[in-house]
Amino acid sequence: MADVDLVEDVIAVQSMDHEAFSRHVADERDRLLEAIEAGTFDNPQASVGLEYEFYAVAEPDAAEGRSPVSEDGRLMRVPRRLLEMIGFEKELGLHNAELSTSPQPLNRYGLRAQEDEVRSRLAAAQEVTRPEGMTLVSDGLWTIPPQGETAAEYLTSAAVEDGVAIATNMSESVRYHAMANSDLAAVGLVLDAPNVSLSAETVMPESLITSIQPHYQVPQARDLPEYFAYALRIAAPLLALCANSPFFPPDLYDDGTTVEDAIAEGWAEHRIAVFETVLNAPSDTAGKVRFPREIETVEDALDRVVEDELLVPEPVETHDRYDDEFAHFRHKHGSFWRWVRPVFDGPSAADANARIEFRPISGQPTVRDTVGVAAAFAGLLVQLTHVDHPVRRLEWDRAYDNFYAAMREGLDADLLWITEDGHETRRIDGIYGDLLGHARAGLERKGLPDAQIEGYLEPLRRRVETRTTPASWKRDRARSAAADGADLQEAIWTAQRAYFERQRATLLDGSFAEWIEE
């Protein structure tokens, strides 16, 4: 039976005056532009931040009898009291937890502070969750469902009351539940990938995926379009390098799918397709989740939010923040889903900022890899804009094609890049030599010492040298299990449990490069 209060809240959202809500958004857009033009959103230097999503799985502890070994790696729901204890935020599914770091200046101390904050908070969280028989996992897409349930059952379990569908395993947030019950914009509510198909009544299938989202705060808000253009062009090579979701839970595959089918026909980064097919209407519309068009001016960035389809005109909440002046605009921006998106907010006028949120990257194997990606992203935006790198001239259509090729093929994708000397290249060493070289130069420009830079970039360079991503690492282990006679389920779960085992030993202090060496 659905939660009556939650159903009533969703119905209340449905009955809101969406035209009045949209007028508020448009009015706040004008005030926001005035504040940007007045310099309120300018800052003396670039800053960085990070959103980091996890999912919880069973952690066997035979000595305490918390979780039997047979349940190793099975998805677990995180009790809300436990989530509050560890200081993480809820996400879509009951199995999710999100960590958001404090923004820091982009310098040697700021990046180190980001890394230390993630490590310290994650270590503290694990000390609380492990006695409860669970651990938090940094990954792109979970593949082992909860004990006694299939993934399809977990993702589609819902109760319908008064015409409102409430997902059983979704966090109690009106916004999440209202998405599938909106009268204003249709959403897909399906999974559609090679050999995989699933229909649901809610957006719960989106909870399959987890990500990291580095933020780069630009010094001058008016310059955001230039940084944004470069972010679009580096999205594909960074996505290819970080691919980490090659498999679905086995019961979601079509009958008769083999391990060979899942590997040969599947994609390196299914996370992209999951987000798009669950939240985009199955029609000819552009879709709310997509690779975004260019932004020519700051006004363009604001207008994109105003013109985006309104999905959930929920009553806005205020918290005595400066950006409460733009509360309707900020709320609508929450469902302005683009793989790269501009953000304008701040708790106070002094902290108001314009930033780029980089959303294509799956959760990575270790903290060092995660912060390394964030550092590379920030270093690239510093350096590419400083030198007016010619990849800016790469046509948008080609950047778009690059992005979805990277989703499908990872490091095997046929990507086109323009190097510093203006030459086009499709060679992987040419692309990443230029890319990581400029990431290094950007970090040097921000005063980072060589050893710190190498700590961030060398693990990424090793992926290029060995042609190994987290996705290909998982595929290798599934392929090996299949060679030993494993069926689809056993092969995928063998690969997933191998990932868990290596992550237990390296999450806080190691790197994926160590996995490659073994």
Side-chain angles (χ1 to χ4, degrees), residues 53-79 82-83 86 88 91 93-97 122-123 125-155 169 207-210 244-253 259 262 270-271 362-367 369 470-471 473-510 512 514-515 518:
E53 299 170 353
F54 300 84
Y55 62 80
V57 303
E59 175 82 344
D61 189 345
E64 297 186 21
R66 298 289 186 180
S67 297
V69 172
S70 61
E71 296 182 18
D72 182 16
R74 286 195 172 274
L75 198 70
M76 293 190 72
R77 299 163 176 86
V78 184
L82 195 63
L83 201 59
I86 64 177
F88 281 46
E91 250 293 336
L94 293 179
H95 56 276
N96 291 127
L122 182 54
Q126 299 285 39
E127 288 181 1
V128 175
T129 60
R130 281 179 174 151
E132 299 291 328
M134 69 175 63
T135 190
L136 299 178
V137 174
S138 176
D139 196 2
L141 193 158
W142 58 264
T143 58
I144 307 179
Q147 181 68 23
E149 299 173 75
T150 66
E153 289 169 346
Y154 182 80
L155 294 170
N169 296 305
S207 73
L208 274 168
I209 57 178
T210 41
N244 194 18
S245 54
F247 296 122
F248 285 90
D251 70 271
L252 298 185
Y253 284 93
V259 179
H270 283 119
R271 177 181 162 267
S362 279
Q364 294 298 291
T366 74
V367 171
D369 292 292
W473 189 92
K474 289 175 180 174
R475 281 174 165 170
D476 286 345
R477 273 127 198 92
R479 191 180 288 112
S480 178
D484 291 337
D487 61 11
L488 179 68
Q489 174 174 296
E490 187 180 353
I492 290 177
W493 288 5
T494 295
Q496 187 68 75
R497 285 177 170 138
Y499 183 94
F500 293 154
E501 181 180 353
R502 293 301 299 122
Q503 187 168 100
R504 287 187 189 104
T506 58
L507 177 61
L508 294 177
D509 298 309
F512 180 64
E514 297 170 37
W515 303 22
E518 294 185 351

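We're numbering straight along the sequence, starting at 1. Values reported hereafter were calculated over all heavy atoms of this structure, with side chains retained and with hydrogens, waters and symmetry mates removed.
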Next item on the list: Report the residues that fulfil ring pair (Phe, Tyr, Trp, His ring centres under 6.0 Å) with Tyr154, sequence neighbours left out, ordered by chain and then residue number.
Entry: His95, Trp142
Next item on the list: Answer yes or no: is there a side-chain heavy-atom contact under 4.5 Å between Thr506 and Phe512?
Entry: no
Margin query: So, using side-chain hydrogen bond (donor to acceptor under 3.5 Å, both in side chains) as the criterion, who are the partners of Ser207 when residues are at least two apart?
Written below: none
Notebook entry, point to check: Do Leu82 and Val128 pass the side-chain contact (heavy atoms from CB on, under 4.5 Å) test, and can you show the C-alpha distance, the side-chain angles, and the key distance before you say yes or no?
Noted result: CA-CA 8 Å; Leu82 195 63; Val128 175; 3.3 Å; yes
Item checked: Nearest-0.5 Å distance that lies between atom CG in Leu507 and atom CG in Leu136 -> 9.0 Å
Next item on the list: Rounded to the nearest 0.5 Å, what's the gap from CG on Leu94 to CG on Asn169? Could you check?
Entry: 5.5 Å
Margin query: Testing the 3.5 Å rule here: is there a donor-acceptor pair between the side chains of Ser138 and Gln503?
Written below: no
Margin query: Does any part of the side chain of Pro146, heavy atoms only, come nearer than 4.5 Å to the side chain of Arg74, both counted from C-beta?
Written below: no
Check: Between Pro246 and Ala471, which heavy-atom pair has the shortest distance, and what is it?
Finding: CG-O, 3.7 Å
Item checked: Residues forming a salt bridge (charged side-chain N to carboxylate O under 4.0 Å, His left out) with Asp251, sequence neighbours excluded -> none
Checklist line | Taking every non-hydrogen atom, the tightest pair across Ala478 and Val259 | finding: O-CG1, 4.0 Å
Next item on the list: List the atom of Ala58, the atom of Met76, and the distance in Å for their closest heavy-atom pair.
Entry: CA-SD, 3.3 Å
Margin query: For Pro131 versus Gln126, what's the shortest heavy-atom pair and its separation?
Written below: CD-O, 4.2 Å
Next item on the list: For Arg502, check side-chain hydrogen bond (donor to acceptor under 3.5 Å, both in side chains) against everything at least two apart and list the hits.
Entry: Glu518
Notebook entry, point to check: Are Met134 and Val57 close enough that some pair of their side-chain heavy atoms sits under 4.5 Å apart?
Noted result: no
Notebook entry, point to check: Are side-chain N/O atoms of Thr129 and Glu132 paired as donor and acceptor at under 3.5 Å?
Noted result: no
Checklist line | Spacing of Trp473 atom CH2 and Tyr499 atom OH [to the nearest 0.5 Å] | finding: 8.5 Å
Item checked: ring pair (Phe, Tyr, Trp, His ring centres under 6.0 Å) partners of Phe500, counting only residues at least two apart -> none
Next item on the list: For Thr210, check side-chain contact (heavy atoms from CB on, under 4.5 Å) against everything at least two apart and list the hits.
Entry: Glu53, Tyr55, Asn96
Item checked: Heavy-atom side-chain contact between Leu83 and Phe88 under 4.5 Å -> yes
Check: What closest approach, in Å, do Asn244 and Ser362 show between heavy atoms, and which atom pair accounts for it?
Finding: CB-CB, 3.9 Å
Note to self: Working to the nearest 0.5 angstrom, can you tell me the gap between Thr150 OG1 and Leu252 CG?
What the structure shows: 7.5 Å
Check: Glu501: what forms a salt bridge (charged side-chain N to carboxylate O under 4.0 Å, His left out) with it, not counting sequence neighbours?
Finding: none
Result block: side-chain N/O donor-acceptor pairs under 3.5 angstrom for residues 486-495, not counting sequence neighbours:
from, atom 1, to, atom 2, distance (Å)
Asp487, OD1, Gln489, N, 3.4
Asp487, OD1, Glu490, N, 2.9
Trp493, NE1, Thr143, O, 3.1
Thr494, OG1, Glu490, O, 2.6

Item checked: salt bridge (charged side-chain N to carboxylate O under 4.0 Å, His left out) contacts touching residues 134-150 (sequence neighbours left out) -> Arg77-Glu149, Asp139-Lys474
Item checked: Under the salt bridge (charged side-chain N to carboxylate O under 4.0 Å, His left out) test, residues paired with Arg504 that sit two or more places apart -> Glu59, Asp72
Note to self: I'd like to check the side-chain hydrogen bond (donor to acceptor under 3.5 Å, both in side chains) partners of Glu514; sequence neighbours left out, ordered by chain and number.
What the structure shows: none
